[in-house]
Amino acid sequence: MDCLFCKLIAGEIPSTKIYEDEKILCFKDIAPQTDVHLLVTPKEHICCANAITSENSGIVAYIFEKIPEIAKSVGVTDYRIINNCGEGAGQTVKHLHFHILSGPNLNEKLV
Ligand code: AMP
Ligand code: ZN
């Protein structure tokens with residue numbers, strides 16, 4: 001499968017890892033839009049939020065359990081979580097991921 005984040009998770013593409021366990025990986029976005037811009041992704045390939053089902057939704061809950069710990073580890077308690085689902089919403093990498101954004105320019109964003 002030609003998936004950028006699967007390759008990154010497999011170590012075939014370098015990344016700046018912030019947190020990793022057997023289920024998820026968190027790494028720095030290569031083109032940060034705020035002071036802190038991290039991506040959290042399941043290691044399992046799920047293309048997007050439209051593909052979340054009762055079978056695989058546990059990983060989403062797990063990611064949201066881990067986000068406060070990850071945020072704290074980089075020194076932030078105030079942050080925005082964004083998921084783009086589909087090209088029309090700006091999704092460019094078709095492997096489910098959540099952006100964690102923190103910094104002074106968050107007020108310029110849509111929500
Ligand atoms: P999205 O547009 O919501 O699909 O988010 C994809 C994100 O992945 C963008 O913010 C990109 O800057 C980021 N990105 C693309 N390639 C890499 C990479 N090799 N390492 C880290 N982040 C990346
Ligand atoms: Zn993938």
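Atoms within a ligand are numbered from 1 in the order they appear, just like the ligands themselves. Since the structure is predicted, the reported quantities are computational estimates derived from the model, not experimental observations. In this chain, residues are counted from 1 in sequence order.
- The closest heavy-atom contact to atom 11 (C) of ligand 1, among the options Asp29, Val93, Leu8, comes from Asp29.
- With a heavy-atom cut-off of 4.0 Å, Leu4 touches ligand 1 through its side chain alone.
- Proximity of Gln33 to ligand 1, defined as any heavy-atom pair under 4.0 Å, is not found for any part of the residue.
- Here the heavy atom of the protein found nearest to atom 23 (C) of ligand 1 is Ile30 CG2, 3.4 Å.
- Residue-level proximity to ligand 1 for Phe98 is absent, since no heavy atom of it falls below 4.0 angstrom.
- Using a 4.0 Å cut-off between a side-chain N of Lys or Arg and a carboxylate O of Asp or Glu, Lys7 and Asp2 qualify as a salt bridge.
- For the Zn ion (ligand 2), the N/O/S atoms of Cys47 include none lying under 2.8 Å.
- One finds no salt bridge joining Lys72 and Glu69 here, because no Lys/Arg side-chain nitrogen approaches an Asp/Glu carboxylate oxygen to under 4.0 Å.
- A cation-pi arrangement is not found for Lys17 relative to Phe27, the charged atom failing to lie both closer than 6.0 Å to the ring centre and inside a 45° cone about the ring normal.
- In this structure, of Leu38, Thr41, Thr16, Thr92, the residue bringing a heavy atom nearest to atom 4 (O) of ligand 1 is Thr92.
- Given atom 5 (O) of ligand 1, the protein heavy atom at minimum distance is His97 NE2, 2.9 Å.
- For Ile13, no nitrogen or oxygen atom sits less than 3.5 Å from a nitrogen or oxygen atom of ligand 1, counting backbone and side chain alike.
- Looking at His45, its N, O or S atom nearest to the Zn ion (ligand 2) turns out to be ND1.
- Leu96 and Val40 fall within a single hydrophobic cluster, where Ile, Leu, Val, Met, Phe, Trp and Tyr side chains are chained together by heavy-atom contacts under 4.5 Å.
- Neither the backbone nor the side chain of Ile82 comes within contact range of ligand 1; no heavy atom lies under 4.0 Å.
- His95 and His97 have their aromatic ring centers separated by at least 6.0 angstrom.
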